[in-house]
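Everything numeric here is computed off the predicted structure, so don't read it as measured data.
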Amino acid sequence: MVRVTLTRGRSADLPSSLFVLMARRAAAGPEIGHSALSVLRTGPYSRIDTKFGAVELLEVTLGGASQRTCIGFVTREATSRLDGWLCAPLAQPPEAQTVACMIDALSLVDLADPDTTAAFSAAPRNSEACAFAKPTAEAASRTGSIGRRARIKK
């Protein structure tokens, strides 16, 4: 499960705490067509670098119909703010590098807002560590997980 919110421009209502921001976003569930969530527990706080600058991370356990362990994130340096969370399966939080790769993979084209489009078009800072940035020769010869069978030559 992933949730990403883009807020354009500097917002005066930005909470000083990532925890408060995650609690507000989780409680706003009905507005986006989902049941409301709550932050049940928080874990370690960290930072990562992305094409949007430094991003704050916080491990959160979201509760609602089911429990999910996620990584909440927020950008603080960009002119537009990205925030949200990324959840991994099996009740394990995603790794920080996975969150960085997901954020770097985001794209947006808005001809009315060239500054935001330029920020999204920037080169990923983590391109060598992200799977989406590593094209391989094998990928071109395979369809999904089914490899090509060698032809029988007689």
Side-chain angles (χ1 to χ4, degrees), residues 1-136 139 143-145:
M1 173 171 75
V2 66
R3 177 179 176 162
V4 178
T5 303
L6 170 65
T7 305
R8 296 172 194 244
R10 295 275 180 202
S11 178
D13 66 342
L14 177 64
S16 59
S17 161
L18 181 52
F19 169 78
V20 172
L21 180 62
M22 292 298 100
R24 286 181 183 173
R25 293 289 190 222
E31 294 176 12
I32 60 169
H34 296 82
S35 61
L37 300 171
S38 60
V39 176
L40 302 176
R41 182 176 54 227
T42 62
Y45 169 88
S46 61
R47 292 183 88 131
I48 56 171
D49 287 322
T50 69
K51 68 183 179 183
F52 299 102
V55 175
E56 296 177 20
L57 302 178
L58 178 67
E59 183 179 315
V60 293
T61 301
L62 299 175
S66 63
Q67 272 187 230
R68 291 264 177 143
T69 303
C70 310
I71 297 290
F73 60 87
V74 65
T75 59
R76 297 281 188 184
E77 297 176 7
T79 56
S80 296
R81 184 182 79 226
L82 282 173
D83 65 75
W85 56 72
L86 176 66
C87 306
L90 305 175
Q92 297 295 320
E95 295 180 10
Q97 185 61 43
T98 303
V99 177
C101 291
M102 184 273 302
I103 291 171
D104 279 345
L106 293 173
S107 63
L108 173 76
V109 176
D110 183 356
L111 300 178
D113 189 355
D115 293 336
T116 302
T117 298
F120 276 88
S121 300
R125 291 189 184 181
N126 303 301
S127 61
E128 65 280 347
C130 297
F132 67 85
K134 295 182 183 179
T136 62
T143 302
S145 61

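Separation of atoms CZ (Arg3) and CG (Leu62) is listed at 10.5 Å; rounding is to 0.5 Å. The distance from atom CD1 of Ile103 to atom CG of Asp49, rounded to the nearest 0.5 Å, is 11.0 Å. In this structure, the separation between OG1 on Thr5 and CG on Leu82 is 8.5 Å, given to the nearest 0.5 Å. Annotation: the span from Leu86 atom CG to Met102 atom CE amounts to 5.0 Å, rounded to 0.5 Å. Interatomic distance, Met22 CE to Phe73 CZ, rounded to the nearest 0.5 Å: 7.5 Å.
Although no hydrogens or angles enter the test, the distance criterion places no donor-acceptor pair under 3.5 Å between the side chain of Arg25 and the main chain of Trp85. Panel note: side chain Thr69, backbone Pro93; no donor-acceptor pair is recorded below 3.5 Å. Looking only at distances, a side-chain donor or acceptor of Asp104 sits under 3.5 Å from a matching main-chain atom of Lys51.
For Glu59, the salt bridge (charged side-chain N to carboxylate O under 4.0 Å, His left out) test picks out no residue, with sequence neighbours left out. For Glu95, the side-chain contact (heavy atoms from CB on, under 4.5 Å) partners are Thr98, not counting sequence neighbours. Applying the side-chain contact (heavy atoms from CB on, under 4.5 Å) test to Ser121 and every residue at least two apart in sequence or in another chain returns Thr117. Partners of Ala96 under the side-chain contact (heavy atoms from CB on, under 4.5 Å) rule, at least two apart in sequence or in another chain, are Ile48, Leu57. Asp115 pairs by the side-chain contact (heavy atoms from CB on, under 4.5 Å) definition with Asp113, not counting sequence neighbours.
Summarising the geometry of Gly63 relative to Leu40, their closest heavy-atom pair is CA-CD1, 3.6 Å, with the distance given to 0.1 Å. In terms of heavy-atom proximity, Pro94 sits nearest to Ile71 at O-CG1, 3.4 Å.
Under the salt bridge (charged side-chain N to carboxylate O under 4.0 Å, His left out) criterion, no residue pair touches residues 64-75, with sequence neighbours excluded. Among residues at least two apart or in separate chains, there is no salt bridge (charged side-chain N to carboxylate O under 4.0 Å, His left out) pair with a member in residues 85-94. Evaluation of the ring pair (Phe, Tyr, Trp, His ring centres under 6.0 Å) test over residues 91-111, restricted to residues two or more places apart or in two chains, returns none. Pairs of residues two or more places apart, or lying in two chains, that qualify as ring pair (Phe, Tyr, Trp, His ring centres under 6.0 Å) and include a residue from residues 100-123 are Phe52-Phe120.
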Check against side-chain contact (heavy atoms from CB on, under 4.5 Å), Leu18 and Leu58: CA-CA 7 Å; Leu18 181 52; Leu58 178 67; 3.5 Å; yes
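Within 6.0 Å of CZ in Arg47 there are more than 12 heavy atoms belonging to other residues, nucleotides or ligands.
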